[in-house]
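These notes are about the structure you will find just below.
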Amino acid sequence: MPDLPLGTVAVIGAGPVGLAAAAHLLERGLDPVVLERGERAATSVRSWGHVRLFSRWSELIDPAARRLLAGRGWTDPDPTRYPTGREWVQDYLQPLADALADRVRYGATVTGVARRGRDRVVDSGREEQPFTVHVDRSDGSTARLVAGAVVDASGTWTGPNPLGSDGYPADGEREPAVAAHLSHRVPDVDAASDVTRFGGRRTAVVGSGHSALTALVALATLAQEVPGTKAVWVLRRGGVGNAYGGGDADQLAARGALGLRARDAVSAGLVEVVTGFRTQAVESEDTGTVALVAEDGRRVEGLDEVIGLTGFRPDHSIMSELRLRLDARLEAPVGLAPLIDPNVHSCGTVYPHGASELAHEEQGVYVVGMKAYGRAPTFLALTGYEQVRSVAAALAGDIEAASRVELTLPETGVCGGAGLFDAPGAPDATKADAAEAGGCCAPAVPQLVHLGAPSGGGAACGPAGC
């Protein structure tokens, strides 16, 4: 792996936002190099390739990336279709990485970023120094590369939250006998391995977001095909309330339909619901199963599998020698955190944002994509594309373009943030409810783009069919 020229912008991660960042930087006449830990593009997306996205193709392709690909004979997929993660990779992300050619360097795991010759304490001459990017190569060697700016688009997929309700792993969660029953992904009911693992067995799904709904719909579908398949939905909140989402009020139709499918599965008795359950421990049982134990002593026993879908968290350790300005609660940039904090936003808008909100004390460093949202459980690909458009403009010195807003976000049809809903008895308001009560309810916070309906069932089909 040759050294990077001094003016290079190092982009960490060849996922949707990292590749889009490279396309925008290239279009601006800058010199991007993408460092990807995997041997192919979009390693994380590939791991949930069976899941269908909430967004249509028209909402999943970055404008600069489209222009780059169009010049190479690529044509857009049907803009009205909802692709799976696998299709997103095959029909867009890998072709985009191929178009960037040797600007994408695979098998390159970034382990640290710093100012050359300066740790985070040293002031003297700091701003004049370029960045050093420390890399572990897949062949076992290491490298220290030099860059003029750094864009971290490494995401949060590899940092799932634990089951424990206080942010730490529940007692026993990491013990081998328990860990063998635990996963953090949506089952693939079309894969023989997952049919064997979950079919005819009792599985707890812990979490209240759209990823949890997706898993419940998958298990409900499997229950109709494999007798004895049982699902238990474990929520911290005191009631299901509007965990089903915005339904027909959601401008992302597939996302609204997913909530309706999950509600139908519960109504049909395919899913057992346990509410107000804050997990304190996971215990092995003599029968070879495991039990979840709540802080109040309640137990959910006889579980063959536990799927923890309680969100993700960022790992900023690779930038521990840089001076990042992160919100103490969300671990998001301080300029962005007030727009996305689920403890504050019972409803409202995540305004399109860019370089200004993402800036840190350490100039020339940006954290973008899902990682920019820290622990906030909300993100759309469109948001990431707008972020990197603005960041590329800022790095090119075009402040006017960096400040311009070029994005309108869809409404969810739901008012309420995760931090508020976590409390028993919290309000469960739809947009209509809030309006009737004189509430605010501008477009609400958008949800994760990559968690939709299982590919086998289609984006808008219920347990009993479309």
So if I apply the side chain to side chain donor-acceptor pair (under 3.5 Å) rule between Ser165 and each of Gln280, Glu295, Arg236, which one comes out positive?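 One option only clears the test, and that one is Glu295.
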
Arg404 atom CZ, neighbour heavy-atom count above 12 within 6.0 Å |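 Yes.
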
#### Entry: Residue Arg325 excluded, over 12 heavy atoms near CZ under 6.0 Å
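For Arg325, atom CZ is not crowded (no more than 12 foreign heavy atoms under 6.0 Å).
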
Mind jotting down which residue pairs meet the salt bridge (Lys or Arg N to Asp or Glu O under 4.0 Å) criterion with at least one end in residues 360-369? Sequence neighbours excluded, please.
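Listed by first then second residue: Arg115-Glu362, Arg126-Glu362, Arg323-Glu361.
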
Pair listing, salt bridge (Lys or Arg N to Asp or Glu O under 4.0 Å) test, anchored in residues 381-392, at least two apart: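 Pairs touching residues 381-392 that pass the test: Glu386-Arg389, Arg389-Glu406.
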
Practice task
Decide, yes or no, whether a salt bridge links Arg185 with Asp194 under the criterion of side-chain N to carboxylate O below 4.0 Å.
Solution key: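 Between Asp194 and Arg185 there is a salt bridge, with a charged N closer than 4.0 Å to a carboxylate O.
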
Notebook entry, point to check: If you measure from CD1 on Ile61 to CZ on Arg66, what distance do you get to the nearest 0.5 Å?
Noted result: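 One finds 5.0 Å between CD1 of Ile61 and CZ of Arg66.
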
Strictly distance-based, threshold 3.5 Å: is any side-chain N or O of Glu173 a donor or acceptor partner for the main-chain N or O of Ala170?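 Between the backbone of Ala170 and the side chain of Glu173 there is a qualifying donor-acceptor contact (under 3.5 Å).
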
Item to complete: Examine distances only and state if a side-chain atom of Thr214 and a backbone atom of His210 form a donor-acceptor pair shorter than 3.5 Å.
Response: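 A pair under 3.5 Å: yes.
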
Ring centroid separation His184 to Phe312 under 6.0 Å:
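They do not qualify: ring centres at least 6.0 Å apart.
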
*Can you sort out the partners of Ser193 under side-chain contact (heavy atoms from CB on, under 4.5 Å), two or more places apart, ordered by chain and number?*
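Testing Ser193 for side-chain contact (heavy atoms from CB on, under 4.5 Å), a comparison that skips the adjacent residues, returns Ala191.
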
Notebook entry, point to check: If we only count heavy atoms from C-beta on, is the Pro79 to Arg56 side-chain gap below 4.5 Å?
Noted result: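 SC-SC contact between Pro79 and Arg56 ruled out.
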
ask   = In terms of the angle between their ring planes, are His353 and Tyr373 parallel, tilted or perpendicular, with boundaries placed at 30° and 60°?
value =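 Plane angle between 30° and 60°, so tilted.
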
Name all residues meeting the salt bridge (charged side-chain N to carboxylate O under 4.0 Å, His left out) criterion together with Asp98; count only those two or more places apart in sequence or in a different chain, and write none if there are none.
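Expected list: none.
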
For Glu357, what residues pass the salt bridge (charged side-chain N to carboxylate O under 4.0 Å, His left out) criterion, not counting sequence neighbours?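 Not a single residue meets the salt bridge (charged side-chain N to carboxylate O under 4.0 Å, His left out) criterion with Glu357.
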
With a 3.5 Å cut-off and sequence neighbours excluded, list the donor-acceptor pairs that the side chains of residues 174-183 form with protein atoms.
residue : atom : partner : partner atom : Å
His181  : ND1  : Asp304  : O            : 2.8
His181  : NE2  : Gly288  : O            : 3.4

